[in-house]
Amino acid sequence: MRRATLPDLAAARYDVLVIGGGIYGAMAAREATLRGLRTALVERDDFGGGTSHNSLKTIHGGIRYVQHLDFARLRASARERAFWLRAAPDLVRPLEFAIPLVGHGLRGPGAFAAVAALYGLGSAGAKGRGWPGARVIGRRRAAALLGDVAPEGLTGAGLWCDGQVIDTNRLLLATLRAASGSGADIANYVEAEALIGAQGRVLGARMRDRIDGGQAEIRARVTLCCAGPATGELAGALLGDAARARFPRFARAMNLVLDRPAGPRALGVISRARADAVLDRGGRMYFLVPWQGRMMIGTHEAPHRGDAPDDDRAESAEFLAAIDAVCPELALGPGDVLHVHRGLIPADADDARSAVQRQTRGTLIDHRHADATAGLISCVGVKYTTARLVAERMLGLAQAQLGSDRDGPIGLPAREAARRSFATPLPATPCAPVDPADPGALAARIRTAMREDMAMSLDDVLWRRSLLGETGALRGAGGDALWRQAERIAAPLGLPSCILPPCDAAGARRM
């Protein structure tokens with residue numbers, strides 16, 4: 001992939017401008033190019049540097065929506081899980097999940113058997129051939145499987161399969177590569193400072209290149225704003241407070257990578273925190289997930305304090321304490337934390353100031369109808385799994401606004417576009433983990449990231465073009481040494497340490 005320059009982006013005229021380079025923006029750009037639309041995508045930071053990078057790396061098939069009695073989302077999730085597994089088999093793989101069953105009420109085997117049956121009916125024909133169904137196992141086998149996380153009163157375990165992303169960085173880059181390969185012009189570190197509007201229509205956005213400081217306007221017939229928490233502010237600055245009020249509030253979400261081995265499956269832990277399901281099984285579910293030979297644990301949610309400084313250590317300690325309260329045998333502590341994943345997720349306001357309630361539905365606004373302003377569609381997504389499906393819906397709205405020209409409708413017909421979107425695989429992106437003790441492998445990764453993956457700084461390479469940061473290789477004295485070694489390799493190549501401060505020491509940006 002080649003980074004488009006701001007002058008080149010300003011000189012072109014696009015059918016679609018996508019603002020935001022997380023998984024929702026990347027999927028929107030892919031969808032637009034599959035429909036034959038001339039497309040540009042800009043991201044103010046590095047691609048996926050927000051919530052798309054900071055996730056539990058799970059592709060949900062929708063079983064949790066049985067608790068919410070939301071069978072439409074259940075079926076959509078099962079279908080989208082099948083898409084990811086087929087479209088990127090090198091990066092998304094099946095993973096078995098197990099949760100403890102206790103007693104014989106809502107948390108017992110009978111209740112989960114009913115959930116499994118409803119899930120099987122609701123996902124029939126959507127989850128793909130040969131995909132195993134959810135099921136219940138007995139107490140003895142459950143105790144052996146759950147080990148130290150088995151609670152008192154165990155009466156069985158519920159099992160099902162979902163998808164796991166081996167490397168969210170590479171999956172996002174594969175999506176961007178698909179869009180770029182189909183003609184999209186893409187640039188990171190280009191910030192949309194304001195939308196441009198005239199006579200009831202959005203015409204594009206005023207941009208600033210955060211690398212060289214250049215400014216220009218990018219014009220497009222339809223602008224898709226997928227900029228996470230910034231989406232509402234961009235729309236509100238042009239359209240007013242009524243438009244801004246349509247967007248959700250946000251909560252902080254946290255997942256931890258721990259220096260602990262994990263078994264072959266993800267294990268559920270029912271905490272003492274209040275759940276937000278219609279059928280409350282007694283507490284919020286956290287998962288201990290095997291990943292890259294380590295354990296991940298998530299997802300912890302807390303109120304977003306706006307401009308207040310983040311305190312990852314305090315929140316991770318709070319999270320570990322919640323796990324320790326129900327699984328003291330694990331004896332997890334701050335010294336086990338290799339990496340803190342954090343991001344902002346849409347959340348509803350709660351009566352309790354210390355609580356949050358994750359939104360189960362995203363926000364998709366066609367401002368032509370909502371604010372009498374054509375040319376702008378805004379999206380705030382709630383989970384990785386359905387990014388393709390939401391992109392399909394966004395582009396359907398966009399094509400309705402693009403209309404037709406003298407040669408006929410612009411872009412593919414809706415049915416053909418949906419078929420192509422679901423059936424087209426992502427380009428394979430094999431990328432073995434870098435051995436931090438091998439300078440040659442590190443040098444090769446830096447060069448490849450610059451040449452093929454649009455890395456603009458060493459920070460981009462070490463945190464989002466490799467797994468070094470996420471797996472703990474950049475922590476402590478060894479991490480400092482690795483960072484300095486990488487700087488010595490990068491300097492002759494003209495690659496700066498970072499674009500956006502601070503990145504003066506290994507791990508300082510993320511821990």
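Keep in mind that the numbers below use all heavy atoms, side chains included, and drop hydrogens, waters and symmetry copies. Positions are given from 1 along the sequence. Not measured: the values here are computed from a predicted model.
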Derivation of the ring pair (Phe, Tyr, Trp, His ring centres under 6.0 Å) call for W463 and H339: CA-CA 11 Å; W463 288 105; H339 183 65; 5.4 Å; yes
Non-hydrogen side-chain atoms of R393 and L397 separated by less than 4.5 Å: no
Residue pair L171 / A88: nearest heavy atoms and the distance that separates them: CD1-CB, 3.7 Å
Distance (rounded to the nearest 0.5 Å) between Q215 CD and L6 CG: 9.0 Å
Non-neighbouring partners of R3 that pass salt bridge (charged side-chain N to carboxylate O under 4.0 Å, His left out), sequence neighbours left out: D209
Non-hydrogen atoms of I19 and A205 that approach each other most closely: CD1-CB, 4.1 Å
Gap between atom OG1 of T385 and atom CD1 of I59 - 0.5 Å precision: 4.5 Å
Check against side-chain contact (heavy atoms from CB on, under 4.5 Å), H53 and T51: CA-CA 5 Å; H53 170 76; T51 306; over 6 Å; no
Exercise: identify the closest heavy-atom pair between L195 and L234: CD1-O, 3.6 Å
Check: I377 and L364 side chains under 4.5 Å, non-hydrogen atoms: yes
Derivation and outcome, salt bridge (charged side-chain N to carboxylate O under 4.0 Å, His left out), residues D70 and R64: CA-CA 9 Å; D70 192 342; R64 62 185 179 182; over 6 Å; no
Between H341 and N54, a side-chain donor and acceptor under 3.5 Å: yes
Short side-chain to backbone donor-acceptor contact, S421 and A417, under 3.5 Å: no
Check: S77/K383 side-chain N/O donor and acceptor closer than 3.5 Å: yes
Side-chain H-bond candidate by donor/acceptor type, D167 with Q292, under 3.5 Å: no
Check: A4 main-chain N/O paired with D8 side-chain donor or acceptor under 3.5 Å: no
Minimum-distance pair of heavy atoms, taken over all atoms of P248 and T363: CD-OG1, 3.6 Å
SB check R35 D15 (cutoff 4.0 Å): no
Flag side-chain contact, heavy atom, 4.5 Å: K127 against R81: yes
Set of residues satisfying side chain to side chain donor-acceptor pair (under 3.5 Å) with respect to S378, sequence neighbours excluded: H367
Test item: V16 and V18 side chains (from C-beta on) under 4.5 Å apart, heavy atoms: yes
Contacts of type ring pair (Phe, Tyr, Trp, His ring centres under 6.0 Å), residue H300, not counting sequence neighbours: F319
Ion pair R170/D453, N-O distance below 4.0 Å: yes
Parallel, tilted or perpendicular: rings of Y65 and H68 (30°, 60°): tilted
Heavy-atom check, side chain of Y286 versus side chain of R284, under 4.5 Å: yes
Side chain Q399, main chain L412, donor-acceptor under 3.5 Å: yes
E193 side chain to R206 backbone, donor-acceptor under 3.5 Å: no
Plane angle bin for F287 and F97 - parallel if under 30°, tilted between 30 and 60°, otherwise perpendicular: perpendicular
Any donor-acceptor pair under 3.5 Å from R252 side chain to A302 backbone: no
side-chain contact (heavy atoms from CB on, under 4.5 Å) evaluation trace for S182 with R30: CA-CA 8 Å; S182 297; R30 170 187 178 269; over 6 Å; no
Test item: T223 side-chain N/O and L376 main-chain N/O as donor-acceptor pair under 3.5 Å: no
From Q67 atom CD to L106 atom CG, the distance as rounded to the nearest 0.5 Å: 9.5 Å
Exercise: identify the closest heavy-atom pair between Y119 and A134: CD2-CB, 4.5 Å
Nearest-0.5 Å distance, CG of residue L9 to CG of residue D185: 6.0 Å
Heavy-atom check, side chain of R464 versus side chain of F47, under 4.5 Å: no
Beyond-backbone contact of P94 with W131, side-chain heavy atoms, under 4.5 angstrom: yes
Ionic contact status for K57 with E470, cut-off 4.0 Å: yes
All ring pair (Phe, Tyr, Trp, His ring centres under 6.0 Å) counterparts of Y189, not counting sequence neighbours: none
Closest heavy-atom pair and its distance - L224, L395: CD1-CD2, 3.7 Å
Test item: T175 side-chain N/O and M27 main-chain N/O as donor-acceptor pair under 3.5 Å: no
R246: salt bridge (charged side-chain N to carboxylate O under 4.0 Å, His left out) partners, not counting sequence neighbours: D371
Between OG1 on residue T373 and NE2 on residue H369, distance to nearest 0.5 Å: 12.0 Å
Ring geometry between F83 and F422 (parallel below 30°, tilted from 30 to 60°, perpendicular above 60°): tilted
Nearest-0.5 Å distance, CD1 of residue I345 to OG of residue S55: 12.0 Å
Main-chain N/O of G21 paired to E43 side chain as donor or acceptor, under 3.5 Å: yes
Test side-chain contact (heavy atoms from CB on, under 4.5 Å) applied to P132 - qualifying residues, sequence neighbours left out: C161
Option passing side chain to side chain contact (heavy atoms under 4.5 Å, CB included) with N188 (candidates M454, R210, M1): M454
Main-chain N/O of Y384 paired to Y24 side chain as donor or acceptor, under 3.5 Å: no
For L256, the option from T299, L320, I323 that meets side chain to side chain contact (heavy atoms under 4.5 Å, CB included): L320
Residue pair V289, L95: steps toward the side-chain contact (heavy atoms from CB on, under 4.5 Å) verdict: CA-CA 9 Å; V289 180; L95 177 67; 3.9 Å; yes
Lys/Arg-Asp/Glu bridge criterion (N-O < 4.0 Å) met for E452, R177: no
Side chain to side chain, R244 and E233, heavy atoms closer than 4.5 Å: yes
Side-chain (R107) to main-chain (I270) donor-acceptor, under 3.5 angstrom: no
R388 and E80 ion-paired at < 4.0 Å: yes
side-chain contact (heavy atoms from CB on, under 4.5 Å) between I186 and V42, intermediate numbers included: CA-CA 6 Å; I186 297 174; V42 296; over 6 Å; no
